[in-house]
Amino acid sequence: MSTHDTRNPCTKLCRFDAADRCMGCFRTRAEVKHWKRLPDETKAAINARIVARGGTVSKKDGKRAKKLDRKIRKLEAKLATLRARRSELEGPVVKAAE
């Protein structure tokens, strides 16, 4: 029996960043996908890496981050709409006849 920590570090905040790492538990997409089939030694090494990094994100912090992400997406959509309206106002510049 292994004395290493082989528990699943998932915090149920599965969202992946540009580097393909989960923003909740900091595992790679492949590590998340194949967790049940990984050997105990590999699981322990992954958990040690996560602990050395500072641990996982708490559910409370993760929920707050998700809420902020939704607000950011809404604001970005609104900003895109406003930029489009502004470009319509600017339109082609016509020089006055001299």
Side-chain angles (χ1 to χ4, degrees):
M1 187 168 157
S2 177
T3 59
H4 301 293
D5 182 12
T6 59
R7 291 175 293 170
N8 190 334
C10 184
T11 58
K12 307 287 190 241
L13 301 171
C14 300
R15 292 181 50 246
F16 293 89
D17 62 13
D20 228 16
R21 291 210 179 264
C22 177
M23 297 175 75
C25 68
F26 307 111
R27 293 180 292 168
T28 64
R29 191 177 297 270
E31 291 168 346
V32 170
K33 184 176 181 181
H34 301 292
W35 184 259
K36 289 182 180 181
R37 288 176 268 166
L38 293 174
D40 286 347
E41 296 79 23
T42 305
K43 290 177 182 179
I46 292 167
N47 282 332
R49 183 190 75 216
I50 292 168
V51 169
R53 187 190 182 286
T56 59
V57 174
S58 71
K59 282 191 178 185
K60 182 180 178 183
D61 289 342
K63 286 182 180 181
R64 179 74 179 138
K66 280 185 176 181
K67 187 175 182 180
L68 290 172
D69 285 344
R70 279 194 304 271
K71 286 183 177 182
I72 289 169
R73 282 192 303 273
K74 285 182 180 179
L75 289 170
E76 286 173 338
K78 187 173 184 176
L79 181 61
T81 302
L82 292 171
R83 285 185 172 148
R85 288 162 94 192
R86 177 163 182 178
S87 67
E88 288 172 6
L89 289 175
E90 291 173 350
V93 178
V94 179
K95 290 187 177 182
E98 295 178 0

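Along the sequence shown, residues carry numbers from 1.
How far CG of L68 is from CZ of R70: 9.0 Å, rounded to the nearest 0.5 Å. If you take NZ on K43 and CD1 on I46, they are separated by 9.0 Å, rounding to the nearest 0.5 Å. Atom-to-atom distance recorded for R64:CZ and L13:CG is 14.5 Å, nearest 0.5 angstrom. Rounded to the nearest 0.5 angstrom, N8 CG and E31 CD are separated by 11.0 Å.
Between F16 and T28, the shortest heavy-atom contact is CE2-C, 4.2 Å.
A donor-acceptor contact shorter than 3.5 Å links the side chain of N47 to the backbone of R7. Remark: the backbone N or O of P9 is not paired with any side-chain donor or acceptor of R27 at under 3.5 angstrom.
Linking Ile, Leu, Val, Met, Phe, Trp and Tyr whenever their side-chain heavy atoms come within less than 4.5 Å puts I50 and L38 in one cluster.
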